[in-house]
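Working notes, beginning with the structure itself.
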Amino acid sequence: MAAGSVQISGTGQLLDLSRKLKGAGGPRLKANFARRIRRAGEPLKTDMQQTIRNLPINAEPRKPGKRGGPSPTSRPLRATVAEAVRLSVRTGSTPGARVWVDRSSLPSDLRNMPWVMNSANGRIRHPVFGNKKRWANQWTTPLWWDKVVRAHTPRMQAEVARVLDDVRRQLT
């Protein structure tokens with residue numbers, strides 16, 4: 001599973017329920033359905049953002065005689081990536097909830113960073129202060145996105161099943 005998108009959907013049940021909602025013509029019922037599905041996904045989104053903000057990023061120690069200095073950018077990496085995590089709910093033809101990273105809200109030089117940070121080896125390789133002749137390696141916890149998703153999946157599936165049952169009961 002790659003960093004960027006998580007979808008929880010019982011496609012058959014959700015599609016059937018979505019058609020019934022459309023047939024019943026109940027906008028209030030549909031809005032209630034969407035709100036409850038969103039509420040089921042909010043803890044995953046919040047935990048994902050918190051995990052990104054607290055993700056340890058370790059660097060190689062400086063070699064003797066090498067200079068260092070402050071970062072040339074005031075943009076905090078983890079906070080920037082965490083703010084790009086989104087939750088969307090669909091109730092149309094492909095109903096479900098999706099937690100994803102909005103690449104368009106990231107600066108152009110960080111568009112691939114969530115996937116780089118989630119790589120299997122956890123290595124972030126980047127030029128030193130933008131100098132393409134000198135590169136540095138940093139490491140983070142590999143596959144953090146997948147771990148957070150696995151921790152939340154049973155709760156979200158149970159919650160979505162409960163919402164489906166409640167809405168189905170209201171329709172019959």
Side-chain angles (χ1 to χ4, degrees), residues 1-57 75-124 140-172:
M1 185 179 306
S5 176
V6 179
Q7 295 184 0
I8 298 290
S9 55
T11 52
Q13 291 176 330
L14 287 173
L15 278 170
D16 185 42
L17 189 59
S18 180
R19 284 188 201 107
K20 285 183 180 179
L21 283 172
K22 206 176 271 185
R28 195 182 102 248
L29 189 61
K30 194 171 184 175
N32 183 33
F33 172 67
R35 186 180 71 247
R36 289 186 61 194
I37 295 292
R38 174 175 296 281
R39 213 178 286 151
E42 279 295 334
L44 173 60
K45 176 189 169 202
T46 304
D47 196 21
M48 194 67 72
Q49 289 175 324
Q50 195 61 36
T51 300
I52 294 169
R53 285 188 180 98
N54 296 326
L55 203 59
I57 297 178
R75 189 181 59 220
L77 171 68
R78 289 172 280 212
T80 303
V81 174
E83 289 302 314
V85 174
R86 303 279 189 263
L87 170 66
S88 60
V89 175
R90 295 173 317 280
T91 58
S93 61
T94 56
R98 181 175 166 220
V99 176
W100 52 289
V101 176
D102 182 9
R103 290 176 53 142
S104 66
S105 68
L106 291 170
S108 60
D109 59 333
L110 296 180
R111 296 263 158 92
N112 290 325
M113 191 54 67
W115 293 269
V116 171
M117 291 168 67
N118 191 54
S119 65
N121 63 5
R123 185 178 102 168
I124 303 170
T140 187
T141 307
L143 304 175
W144 52 269
W145 181 276
D146 305 339
K147 291 174 187 172
V148 174
V149 169
R150 272 195 303 273
H152 282 269
T153 299
R155 181 197 55 78
M156 286 186 64
Q157 287 175 333
E159 182 67 25
V160 168
R162 200 171 90 229
V163 170
L164 288 172
D165 288 343
D166 290 350
V167 173
R168 196 175 294 119
R169 233 180 286 121
Q170 287 179 351
L171 286 173
T172 56

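Side chains are part of it too, since the values below use all heavy atoms of this structure and drop only hydrogens, waters and symmetry mates.
Remark: Ile37 CD1 to Arg39 CZ distance equals 11.0 Å, nearest 0.5 Å. Distance CZ/Arg103 to CG/Asn112: 4.5 Å, rounded to 0.5 Å. Atoms CZ and OG1, on Arg53 and Thr80 in that order, are 10.0 Å from each other to the nearest 0.5 Å. How far CG of Leu77 is from OG1 of Thr140: 9.0 Å, rounded to the nearest 0.5 Å. For the atom pair CD1 (Ile124) and CE (Met117), the distance works out to 5.5 Å, reported to the nearest 0.5 Å. The structure places CG of Asp146 at 5.0 Å from CG of Asn118, a figure rounded to the nearest 0.5 Å.
The heavy-atom pair separating Ser105 from Ala84 by the smallest distance is OG-CB, 3.3 Å. When all heavy atoms are compared, the tightest approach of Ala40 to Glu159 is CB-CG, 3.2 Å. Taking all atoms of both residues into account, the shortest heavy-atom contact from Ser88 to Trp100 is OG-NE1, 3.3 Å.
No side-chain donor-acceptor contact under 3.5 Å links Arg78 to the backbone of Asn54. Judged by distance alone, the side chain of Arg123 and the main-chain N or O of Ala120 form no donor-acceptor pair under 3.5 Å.
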Please tabulate, for side-chain N and O atoms in residues 43-52, each donor-acceptor pair with protein atoms closer than 3.5 Å (sequence neighbours left out).
residue : atom : partner : partner atom : Å
Thr46   : OG1  : Glu42   : O            : 3.0
Asp47   : OD2  : His152  : NE2          : 2.8
Gln49   : NE2  : Ala82   : O            : 3.1
Thr51   : OG1  : Asp47   : O            : 2.8

Original post:
After noting the C-alpha distance and the side-chain angles of Arg35 and Val89, does the key distance pass the side-chain contact (heavy atoms from CB on, under 4.5 Å) rule?
Top reply: CA-CA 8 Å; Arg35 186 180 71 247; Val89 175; over 6 Å; no
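Residues Leu106 and Val101 meet the side-chain proximity criterion, which asks for heavy atoms closer than 4.5 Å.
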